[in-house]
Protein chains: 2
Amino acid sequence: MRISNSRVTATEVARKAGVSQPTVSLVLSRNPKARVAPATRARVLKIAQELGYRPNRLAQGLVRRRSYALGVIVPGFDNPVYAAVISGAEKVAAQAGYAVLLCEAKGSEVVQHLEALRDRQIDGVIIAGIAASTLPAAALDGLNVVLVNQPSEKFSTVGSDSLKAGTIAAEHLLALGHRRLAFLGPADAIPAFRLRERGFFQALRGAGVPLSSELIQRAAATVAGGLAGMRALLALSERPTAVFCANDLMALGAHKACSVAGVGLPRDLSLLGCDDIEMAQLVTPELSTIAVPARELGARAVRLLLKQIDAHGALPPASQLLAVKLVARGTTGQHAPAQPR
Amino acid sequence: MRISNSRVTATEVARKAGVSQPTVSLVLSRNPKARVAPATRARVLKIAQELGYRPNRLAQGLVRRRSYALGVIVPGFDNPVYAAVISGAEKVAAQAGYAVLLCEAKGSEVVQHLEALRDRQIDGVIIAGIAASTLPAAALDGLNVVLVNQPSEKFSTVGSDSLKAGTIAAEHLLALGHRRLAFLGPADAIPAFRLRERGFFQALRGAGVPLSSELIQRAAATVAGGLAGMRALLALSERPTAVFCANDLMALGAHKACSVAGVGLPRDLSLLGCDDIEMAQLVTPELSTIAVPARELGARAVRLLLKQIDAHGALPPASQLLAVKLVARGTTGQHAPAQPR
DNA sequence: TCACATTGCTAATGCGTATAAGCAACAGTC
DNA sequence: GACTGTTGCTTATACGCATTAGCAATGTGA
């Protein structure tokens, strides 16, 4: 039975139970070495229950030097991938009794958000979609950190195999007979994108099909960016026959650009994304892409972080790399040399 | 200059500055009635700066009885609308020095999450996409609450005009000459959906074009739901000529179903969504919909909540209703009676 | 000169909890 | 029956900060 506001303190419970406040604390903190007489324990528990006592987490945090709160920083929610990461993270965190403090931040804002999180004594932080290398070293100093989807020597990471994703992309398109390939990706140094790109380039070079520079198109990693980037590619005198995009948002933008320009997918052009967001299946033809287990990344990031927290920083940085998988749908197809008629 | 961990306390600053701890507190809390000698103030500020002192928010919260944290509860991030609400909320909150504790919860989980938030002494909570009426009264008792997109007598609300949205939908489709309309929406009692539905039905009845029950299709408010729902509608012996969906996710699912079934939009069928999420513009033809200012809802919800918090609950519940707007794109068109040939 | 206000700081206290240390009561040993 | 051990609780204290009251030093007026 809850009595209005949760303003019932341990001291009140103690008074009504005829014991001292620390005794209440002893009863409630299931401490094995705390010996309390069964009768007392029962009485305290009963009163606590009746009064609806719940420990004040702020006070607990203050004395335990633990807030049981995690920070999660992402560059934006407009990308469903981050939404999925957060979702996975929140679920695991909540189950473990941890709260998630959410921050949306780009660029230098990140540092301020980190400071704010520190002030709240967060036990750890998860950073997704932001290159840790771009942050001043002091910003993460002494913090429990897990990075999502970016390799690091210094911090623990949970990622998908972005390099492999790029390789898979190249192999898929090559296998379909394409030889004039293009890449559409952002100019900024977000590690996951960079790795996908590198994997793609490396595989192409390995196959003896290097990319000429006009076939590397830079644009923001958004729908709008993909749209603009694809328009630029379509404006080339000699168009590519297949395009790999750094993520699905770009690919969907590119998809749209093709649709607007009357370029048939995959007849005139093969298009491949990366992430496998839900929307990939909604466009027609459905977007071929490379699936990244975003939710799982978030979930694992929290599990790893909690492990680190429990170890009091005595753990070396660990890394997990999850597999990615080609999901060939409707936008990639066999290269058909144009039939002059 | 930050010195590693933010373990610098006010007491340390005080010691180095040769003053007492409360003096440091007086200097840093820009309290107008706190008169501190300019020289002392300067000295304290200087030392605090040098040591990188930052107040412990937990301790502050404990004594001020304010955590400067807000809870935000949504049913899921898979719907971009909630992502937008959160984004708007987080931005305003961060600017005001408030943290956002994010919770993803459906059904009875909500109550538990609310309890957990209370334990953390949150100053207020924003609830979106969950009917407050389904919660036990005690769950929100004594809490500063702002509901998003659902009317309420008891709590403050920030919403879009969902009833109007339904009306607009009906008017738009009627104006295009449609007389056999269908509605596709969820069976659960999420207020925004219910209102859109009611507005739609009312307007149709007003126009003398009531909906027969087989043209009201129930399915989850998701892409999958929309897909299934539209399939059911297409299986009718006499198909509707226009369909209004409770939200864009459903509409996109429906869009897909049409595409798969070879039903031409808008030639064979007009399709109208609600929300105007980014993806609406990515399908071909682009989805006609009714724009809801989701980000703005989140932003305003926080502003309202902060106002309430500052008033210490001495404010009566306030409500804001933002306008919605028809965005006619490619999936709605003039009703063309089938030409028998 | 004294009474009194003002200024500028400190001492004391509390927020709600956890934890170490201490102290009765009692049991067991010889 | 004094000695040690155990049990079961309480007292004291700390976490880091804000806030009230209070006190010394200075200024003001007569």
Side-chain angles (χ1 to χ4, degrees), chain A residues 3 5-45 47-48 51-69 97 118-123, chain B residues 3 5-45 47-48 51-69 97 118-123:
Chain A
I3 309 295
N5 234 329
S6 97
R7 290 273 163 262
V8 185
T9 71
T11 309
E12 282 182 63
V13 175
R15 200 166 43 75
K16 297 223 180 188
V19 296
S20 71
Q21 172 266 315
T23 301
V24 173
S25 211
L26 287 180
V27 170
L28 296 187
S29 69
R30 316 216 138 285
N31 198 325
K33 74 168 183 273
R35 293 156 323 205
V36 180
T40 311
R41 166 182 301 274
R43 189 155 31 98
V44 168
L45 284 177
I47 304 275
L51 268 53
Y53 169 71
R54 313 203 98 220
N56 181 328
R57 301 282 243 155
L58 293 185
Q60 251 180 5
L62 187 58
V63 55
R64 283 194 181 157
R65 302 163 153 283
R66 273 272 201 103
S67 62
Y68 295 94
R118 288 184 117 102
D119 295 347
R120 291 182 185 304
Q121 311 296 114
I122 51 154
D123 297 334
Chain B
I3 309 295
N5 235 328
S6 94
R7 290 274 163 264
V8 186
T9 71
T11 309
E12 282 182 62
V13 174
R15 200 166 44 74
K16 297 224 180 185
V19 296
S20 70
Q21 173 266 314
T23 301
V24 173
S25 212
L26 287 180
V27 169
L28 295 187
S29 70
R30 318 215 137 284
N31 198 326
K33 73 168 183 272
R35 293 154 321 208
V36 180
T40 310
R41 166 182 300 274
R43 189 154 32 95
V44 169
L45 285 176
I47 305 274
L51 293 166
Y53 169 70
R54 312 203 97 220
N56 181 328
R57 302 281 246 155
L58 257 43
Q60 250 180 6
L62 188 58
V63 56
R64 283 197 179 156
R65 302 162 154 282
R66 272 271 202 107
S67 62
Y68 294 94
R118 288 185 115 103
D119 295 348
R120 300 192 128 82
Q121 312 295 115
I122 50 155
D123 297 334

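Reminder, nothing fancy here: chain letters follow the sequence lines and each chain counts from 1.
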I'd like a table of atom pairs between the protein and nucleotides 22-28 of chain D - only N or O on both sides, under 3.5 Å - with the distance next to each one.
none

Query raised in the report: To the nearest Å, how far apart are A/Arg7 CZ and C/dC15 P?
Result: 12 Å
Report task. Could you list the residues that satisfy salt bridge (charged side-chain N to carboxylate O under 4.0 Å, His left out) with A/Arg66, not counting sequence neighbours? Result -> A/Asp310
Query - Five-pair end axes of the helix from C/dT1-D/dA30 to C/dC30-D/dG1, angle between them (10°) - result: 60°
Report summary line: Assign each of A/Val36 and B/Thr11 the nucleotide of DNA chain D bearing its closest heavy atom; nearer the 5' end lies the nucleotide of A/Val36
**Report entry** A/Leu26 CG - C/dA20 C1' separation (whole Å)
**Finding:** 11 Å
Report task. Using atom types as modelled and distance alone, determine if a side-chain donor or acceptor of B/Arg120 lies under 3.5 Å from a backbone N or O of A/Ser67. Result -> yes
Query raised in the report: Please give, in whole Å, the distance from C/dT17 P to A/Arg57 CZ?
Result: 12 Å
Query raised in the report: In Å, rounded to the nearest 0.5 Å, how long is the span from OH of A/Tyr53 to CG of A/Leu45?
Result: 12.0 Å
Query - Taking every non-hydrogen atom, the tightest pair across B/Thr23 and B/Thr40 - result: CG2-CG2, 4.2 Å
Report summary line: By nearest-heavy-atom nucleotide on DNA chain C, the more 5' of A/Asn56 and B/Pro38 is B/Pro38
Report task. Spell out protein contact along nucleotides 21-28 of chain C as letters: B when the base is contacted, S when just the sugar-phosphate is, - when no protein heavy atom is under 4.0 Å; keep the 5' to 3' order. Result -> --------
Report task. Quick one: closest heavy-atom pair of A/Arg41 and A/Val36, and the distance? Result -> N-CG1, 3.9 Å
Query raised in the report: CG of A/Leu58 versus C1' of C/dC15: gap in Å, rounded?
Result: 10 Å
**Report entry** Taking every non-hydrogen atom, the tightest pair across B/Ile47 and B/Val13
**Finding:** CG2-O, 4.0 Å
Query raised in the report: When you check the phosphate oxygens OP1 and OP2 of C/dT19, does a side-chain N or O of A/Ser25 lie under 4.0 Å from one of them?
Result: no
Query - Qualifying residues under side chain to side chain contact (heavy atoms under 4.5 Å, CB included), relative to B/Pro22, sequence neighbours excluded - result: B/Ser20
Query - B/Tyr53 side chain near D/dC17 phosphate (N/O to OP1/OP2, under 4.0 Å) - result: yes
Report summary line: The correct set of residues in residues 12-22 of chain B placing a heavy atom under 4.0 Å from DNA chain D is B/Gln21, B/Pro22
Report task. Measure from CG on B/Leu62 to P on C/dT17 and round the result to the nearest Å. Result -> 9 Å
Query raised in the report: Nearest nucleotide by nearest heavy atom, which residue falls closer to the 5' end of DNA chain C, B/Thr23 or B/Val63?
Result: B/Thr23
Query raised in the report: After noting the C-alpha distance and the side-chain angles of B/Asp119 and A/Gln60, does the key distance pass the side chain to side chain contact (heavy atoms under 4.5 Å, CB included) rule?
Result: CA-CA 10 Å; B/Asp119 295 348; A/Gln60 251 180 5; over 6 Å; no
Query raised in the report: Separation of B/Leu28 atom CG from D/dG16 atom P, in whole Å?
Result: 16 Å
Query - Separation of atom CD in A/Gln121 from atom C1' in C/dT17, rounded to whole Å - result: 16 Å
Requested in this report: Could you say whether B/Val24 or A/Ala59 is positioned toward the 5' end of DNA chain D, judged by the nucleotide with the nearest heavy atom to each?
Outcome: A/Ala59
Report summary line: When rounded to the nearest 0.5 Å, the distance separating CZ of B/Arg64 from CZ of B/Arg57 is 8.0 Å
Requested in this report: Measure the CG-CD distance between A/Leu58 and A/Gln121 for me, rounded to the nearest 0.5 Å.
Outcome: 11.0 Å
**Report entry** Side-chain donor or acceptor of B/Arg43 paired with backbone N/O of B/Ala17 under 3.5 Å
**Finding:** yes
Requested in this report: Output the distance between atom CG (B/Asn56) and atom CZ (B/Arg7), rounded to the nearest 0.5 Å.
Outcome: 7.5 Å
Query raised in the report: Under 4.0 Å between a side-chain N/O of A/Arg65 and OP1 or OP2 of D/dA14, yes or no?
Result: no
Query raised in the report: Expressed in angstrom and rounded to an integer, what is the separation of B/Arg66 atom CZ from C/dG16 atom P?
Result: 16 Å
Report task. Of all the heavy-atom pairs spanning B/Val8 and B/Glu12, show the shortest one and how long it is. Result -> CA-OE2, 3.9 Å
Query raised in the report: Do the side-chain N or O atoms of B/Ser29 get closer than 4.0 angstrom to the phosphate oxygens (OP1, OP2) of D/dA18?
Result: no
Query raised in the report: Is the distance from OP1 or OP2 of C/dA18 to the nearest side-chain N or O of A/Gln60 less than 4.0 Å?
Result: yes
